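What follows is a short report on a single structure.
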Amino acid sequence: MLAEEIKSVAELMDRDTPIAVLTGAGISAESGVPTFRGEGGLWRQFRAEDLATPEAFQRDSKLVWEWYDWRRGLMAKVKPNPGHQTLARWEARFPEFALITQNIDGLHAQAGSKRIIELHGNIWKTRCLAEGQVSDNNDVPLKEIPPRCPSCGAMLRPHVVWFGESLDADELDRAFAASRRCRLMFVVGTSAVVHPAASLPVIAAQAGALVIEINPDPTPLTAEADFSFRGKAGDILPLLDQQLMKISRD
Ligand code: OAD
């Protein structure tokens, strides 16, 4: 049954097929990055309104930065897994391939993906509160908390999207365009409850794409998906890749 479904999906993946992939925290779970909502998820341990809102940052920027510093420490220790690696290979294989992620951990880039639409920002980037300038910052731990802008001395914030904030308009436009254009949309490791990311597969489906979900657990999207692989990203994506290799050899 699984083998047959893998074969059916791989057969749809011609080289000229426009493909979009939406990833969430689940793809990094096998690398050791905690998810948000499942067992051991961050939002079971912490309250988002205390740590991941503009109001929380205004109230206690030190506390918020300490939390991000802790998460950066966790993320610095982990490596991309076969799920990330497969998607990096697909970017090179398919001329029309869009990788849209809700993750801020930078693991797709570390796996070799080059064109990544980062809907929720990147934990390895800071933004100056005075000038808005975005910079890379890989210090673990941070040299000072809260960190300050090297050029103007103003406080920096994590370059991530918090609850109640808008997503970057350019990134979102690119994500919408890729979702409307694709013929196949893979939805990997997301609980599909946070919008606007969760509406991208719906947009793709309305534009005629087939939706393929990869997740060990069902989500609100499962009933709408054309294929639903109930498994781990690090298992299913490599199986699809192996099948693609087999087809191209036959
Ligand atoms: P969630 O924690 O909500 O969901 C993670 C999903 O991954 C769940 O559906 C799990 O079943 C699934 N999962 C777990 N292990 C997996 C594996 N090995 N392979 C595949 N799937 C697996 O994370 P997101 O959907 O990414 O937003 O959450 C969306 C947003 O909510 C995040 O980007 C973050 C959070 O609040 C912001 O920080 C703005």
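In what follows, residues are counted from 1 in the order of the sequence shown. Keep in mind that this is a model prediction, so the values were computed, not measured. Read the numbers this way: they start at 1 and go in the same order the structure lists the ligands and their atoms.
Close contacts between ligand 1 and Asp217 involve ligand atoms 11 (O) [criterion: under 4.0 Å to a heavy atom]. Residue Ala25 approaches ligand 1 through these ligand atoms, each under 4.0 Å from one of its heavy atoms: 23 (O), 24 (P), 26 (O). Close approach to Phe163 involves these atoms of ligand 1, each under 4.0 Å from a residue heavy atom: 36 (O). Using a 4.0 Å cut-off to heavy atoms of Val194, the atoms of ligand 1 that qualify are 29 (C), 30 (C), 31 (O). Remark: ligand 1 atoms within the under-4.0 Å shell around heavy atoms of Val161 are 39 (C). Of all the atoms in ligand 1, the ones that sit under 4.0 Å from a non-hydrogen atom of Ala233 are 17 (C), 19 (N), 20 (C). Near Gly24, meaning under 4.0 Å from one of its heavy atoms, ligand 1 places the atoms 26 (O).
Relative ring orientation between Phe36 and Trp43 is described as tilted, the plane-to-plane angle lying within the 30° to 60° band. Taking the six-membered ring for Trp and thresholds of 30 and 60 degrees, Trp90 and Phe94 have ring planes more than 60 degrees apart, a perpendicular arrangement. Using a 30° and 60° split on the angle between ring planes, Trp67 and Phe46 fall in the perpendicular class, above 60°.
Between the side chains of Arg72 and Asn137, at least one donor N or O sits under 3.5 Å from an acceptor N or O.
Each of His84, Lys79, Gln110 was checked for a side chain to side chain contact (heavy atoms under 4.5 Å, CB included) with Ser31, and the lone residue meeting it is His84.
Only side-chain heavy atoms of His120 come within less than 4.0 Å of ligand 1; its backbone N, CA, C and O stay farther off.
The nearest heavy-atom contact from the protein to atom 18 (N) of ligand 1 is Glu30 OE2, 2.8 Å.
Residues Asn215 and Thr190 form no side-chain contact, since every pair of their non-hydrogen atoms from C-beta on lies 4.5 Å or further apart.
Look at Gly41 and you'll find every heavy atom at least 4.0 Å from all atoms of ligand 1.
Residue Glu4 places its CD atom among 12 or fewer non-hydrogen atoms of other residues, nucleotides or ligands, all under 6.0 Å distant.
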